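Please read through the structure below; I'll follow up with questions.
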Amino acid sequence: QVHLVESGGGLVQPGGSLRLSCAASDRTSSMYVTGWFRQAPGKEREFVAAYRRNGGATSYADSVKGRCTITRDNTKNTVYLQMNSLKPEDTAVYYCAATARRLIITTMQRLGEYEDWGQGTQVTVAS
């Protein structure tokens, strides 16, 4: 089991940027797919972005495509989510997740495929 700790959340104005970090207790190179999900109050947890180790393939939710970038630094055992042009509807608790499963692109968005989860970091977009 991999222990994941998110950081970097906070309050930002609409149009602003944040970079979330997810530090892993294990080598990120051993995690086949790492991803970010979010959950807004009263809503279900939803997929944001994912990174697959094999070839560095990425996947993004339509709602964040073009505004977010997921990267992974195996030397620091850390996964990042750079978020730009933030909107009030991006307000949520953001969770980092990881799995050793050999997911294909179409399954990287499935919440149930991930085995390890962090505790989350709050992102609030408001003026």
Side-chain angles (χ1 to χ4, degrees):
Q1 187 175 5
V2 178
H3 183 58
L4 304 171
V5 179
E6 302 95 335
S7 61
L11 173 64
V12 63
Q13 292 186 343
S17 298
L18 279 177
R19 188 178 78 157
L20 306 183
S21 299
C22 173
S25 62
D26 198 356
R27 296 180 300 135
T28 51
S29 58
S30 69
M31 298 182 291
Y32 195 72
V33 179
T34 49
W36 287 94
F37 291 76
R38 67 186 183 186
Q39 188 166 16
K43 295 187 177 181
E44 294 185 352
R45 194 171 298 188
E46 64 177 8
F47 171 77
V48 177
Y51 180 105
R52 189 176 68 185
R53 186 186 72 194
N54 186 11
T58 56
S59 179
Y60 295 92
D62 289 342
S63 59
V64 304
K65 200 169 292 183
R67 300 188 297 120
C68 291
T69 303
I70 184 170
T71 57
R72 194 163 82 174
D73 187 340
N74 291 334
T75 65
K76 297 181 179 180
N77 293 342
T78 301
V79 178
Y80 302 97
L81 182 69
Q82 177 67 44
M83 303 189 296
N84 301 321
S85 302
L86 284 163
K87 306 174 182 180
E89 51 263 44
D90 293 318
T91 295
V93 177
Y94 283 70
Y95 297 91
C96 177
T99 180
R101 295 174 179 167
R102 297 299 195 260
L103 302 182
I104 59 176
I105 293 289
T106 54
T107 59
M108 287 164 61
Q109 299 189 6
R110 295 179 184 174
L111 185 150
E113 296 288 355
Y114 291 80
E115 300 148 339
D116 300 300
W117 291 83
Q119 293 301 306
T121 184
Q122 176 71 46
V123 171
T124 302
V125 184
S127 55

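Quick note: residue numbers are just sequence positions, from 1. Just so you know, these numbers come straight off a predicted model, no measurement behind them.
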| message | Show the nearest heavy-atom pair for residues Ala97 and Tyr114, with the distance to one decimal. | response | CB-CD2, 3.6 Å
| said: So does Thr91 get a backbone contact from the side chain of Thr124, meaning a donor-acceptor N/O pair under 3.5 Å? | reply: no
| Nearest heavy atoms of Val2 and Ala24, plus distance in Å | CG1-CB, 4.0 Å
| message | Could you measure the distance from the CG atom of Leu81 to the CE atom of Met83? Nearest 0.5 Å is fine. | response | 5.5 Å
| task | Mark yes or no for whether Gln39, through its side chain, and Ala92, through its backbone, hold a donor-acceptor pair below 3.5 Å. | result | no
| field | Straight-line distance of Thr58 OG1 to Ile70 CD1, nearest 0.5 Å | value | 8.0 Å
| In Å and rounded to the nearest 0.5 Å, what is the CZ to OG1 distance from Arg110 to Thr99? | 12.5 Å
| remark: Closest non-hydrogen atoms of Ser17 and Gln82, given as atom of the first, atom of the second and distance, are CB-NE2, 3.9 Å
| query | Do Arg53 and Tyr32 have side-chain N/O donor and acceptor atoms under 3.5 Å apart? | reply | no
| task | Starting at OH of Tyr95, measure out to SG of Cys22 and round the result to the nearest 0.5 Å. | result | 13.0 Å
| field | Atom pair CE (Met108) and OG1 (Thr106), whose distance is rounded to the nearest 0.5 Å | value | 9.5 Å
| Closest non-hydrogen atom pair between Ser63 and Arg38, with its separation | OG-NH2, 3.4 Å
| Same apolar cluster: Phe47 and Ile105, side chain cutoff 4.5 Å | yes
| request: Check the pair Trp117, Phe37 against ring-ring contact (aromatic ring centres under 6.0 Å, His included), reporting the backbone distance first and the verdict last. | output: CA-CA 10 Å; Trp117 291 83; Phe37 291 76; 5.0 Å; yes
| Stepwise side-chain contact (heavy atoms from CB on, under 4.5 Å) test for Thr121 and Val93 | CA-CA 5 Å; Thr121 184; Val93 177; 6.0 Å; no
| query | So Thr34 and Arg72, side-chain contact (heavy atoms from CB on, under 4.5 Å) or not? Walk me through it. | reply | CA-CA 8 Å; Thr34 49; Arg72 194 163 82 174; 3.5 Å; yes
| query | Between the side chains of Thr78 and Asp73, is a donor N or O closer than 3.5 angstrom to an acceptor N or O? | reply | no
| task | Would you tell me whether Gln109 and Ser59 have side-chain atoms, one donor and one acceptor, within less than 3.5 Å of each other? | result | yes
| said: Quick check: is Tyr51 connected to Tyr80 through a chain of hydrophobic side chains (ILVMFWY, heavy atoms under 4.5 Å apart)? | reply: no
| query | Does a sphere of radius 6.0 Å around CD in Glu46 hold more than 12 heavy atoms from other residues, nucleotides or ligands, not counting ones at 6.0 Å or beyond? | reply | yes
| task | Determine the minimum heavy-atom distance between Met31 and Ala98, stating which atoms define it. | result | SD-CB, 3.2 Å
| task | Assess whether side-chain contact (heavy atoms from CB on, under 4.5 Å) is satisfied between Tyr60 and Val48, documenting all intermediate values. | result | CA-CA 6 Å; Tyr60 295 92; Val48 177; over 6 Å; no
| task | Give a yes or no on whether a salt bridge exists between Lys87 and Asp90, defined as a side-chain N under 4.0 angstrom from a carboxylate O. | result | no
| Neighbour count above 12 (heavy atom, 6.0 Å) for Glu44 CD | no
| request: Group every Ile, Leu, Val, Met, Phe, Trp and Tyr by side-chain heavy-atom contacts under 4.5 Å, then state whether Val79 and Leu18 land in the same group. | output: yes
| Do you know which two heavy atoms are closest between Ala50 and Val33, and how far apart they sit? | CB-CG1, 4.1 Å
| task | Find the distance between CZ (Arg45) and CG (Leu111) and round it off to the nearest 0.5 Å. | result | 6.0 Å
